[in-house]
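Keep in mind that the numbers below use all heavy atoms, side chains included, and drop hydrogens, waters and symmetry copies. Whatever order the structure lists ligands and atoms in, that order sets their numbers, starting from 1. Residue numbers run from 1 in the order of the sequence given.
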Amino acid sequence: MKKISTIKEFRKWRKNISGSIGFVPTMGALHEGHLSLVSKSNNICENTIVSIYINPTQFAEGEDLDTYPQMVQADLDKLSKYEVDCVFLPGNSEMYPEGINVGNYDNNLFDILEGKSRPGFFKGVTTIVAKLFDIVEPTHAFFGEKDFQQFCIIKQMVSDLNYSIEVVPCPIIREENGLAMSSRNKYLTESEYSIAATIFKALESGKKLLKDGELNGDKLKREIYQIIKSEPAFTIDYVSVASGDTLEEFEGELSGDILVSVALFLSKTRLIDNFTYSSPDLHNC
Ligand code: PAF
């Protein structure tokens, strides 16, 4: 497993790599969720490249850039158990040689859901992912569905900017108590960690309503909201029932692909989670 921290050295190494190349971009503090992406890349691609870089442009003022967990040696130890050809570990001067700024790319998914709560977040994400795509030149890139909107935005960017990359979605991996895995879970105290299980319970209850035929999005939201609210420690940012295609909030009856997502704070830790559901096509019944 090669470790490279400069673009120049990476490009020299990359020149001699042929065949399909799976890319897993990360900000480190790797958990089973990240490793499932690596494993999927190993299954699909001949080569796998992982990047570890905490991207400053996707953190707003007052967010956790300075405290974001860093544990590079532990990350490398975990990756060494997989078939990882190269780990790219650049610093800020490599990724932002002209200073910390963002690119021009924008699409119509930037300002809703996560983008509404975290303005500038997707500018930062697309800036760094485009830079990494230009350096790594992968054939496949792997993104977790916990960040469902991020996955949709990257897919759209790949199409808009004509990258020849297949963007592969990977299912959410959960802790034993149902909490979606996230590097930010490291911020949680033991009691917050058990309280956080309520998020999954609320989503599961919402999913059951859908399966039972509920087509009223407001009713679905209320059910999820109330279960989360039963834990006073949560501050809810949003509960959303949106189209899984456009990510626009549903008005009226639910139909087609549905994305149910939540964002909330547990103390200072911001957690997100979601599920997607395809409502049965009534016309075929
Ligand atoms: O999902 C993440 O960890 C980050 O947003 C990403 C894609 C590595 C870009 O910094």
_Residue pairs fulfilling salt bridge (charged side-chain N to carboxylate O under 4.0 Å, His left out) with at least one residue in residues 232-251, sequence neighbours excluded_ =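 Qualifying pairs, neighbours excluded: K221-E249, D237-R270.
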*What residue among D64, T269, T67 forms side-chain hydrogen bond (donor to acceptor under 3.5 Å, both in side chains) with R184?*
D64
_Per-atom contacts, ligand 1 versus I128 - under 4.0 Å to a heavy atom_ =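 Listed by number with element: 9 (C), 10 (O).
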*When you look at K219 and L209, which way does the side-chain contact (heavy atoms from CB on, under 4.5 Å) test go after all the steps?*
CA-CA 9 Å; K219 221 164 160 187; L209 277 186; 5.6 Å; no
*Would you tell me which option among K131, Q58, Q150, M95 has the nearest heavy-atom contact to atom 10 (O) of ligand 1?*
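Nearest option to atom 10 (O) of ligand 1, by heavy atoms: Q58.
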Table please: side-chain donor-acceptor pairs of residues 137-146 below 3.5 Å, with sequence neighbours left out.
unit_1	atom_1	unit_2	atom_2	d
T139	OG1	I21	N	2.7
T139	OG1	I21	O	3.1

*Nearest neighbour in protein (non-hydrogen) for atom 3 (O) of ligand 1*: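 Checked against all protein heavy atoms, atom 3 (O) of ligand 1 sits closest to M27 CG, 3.9 Å.
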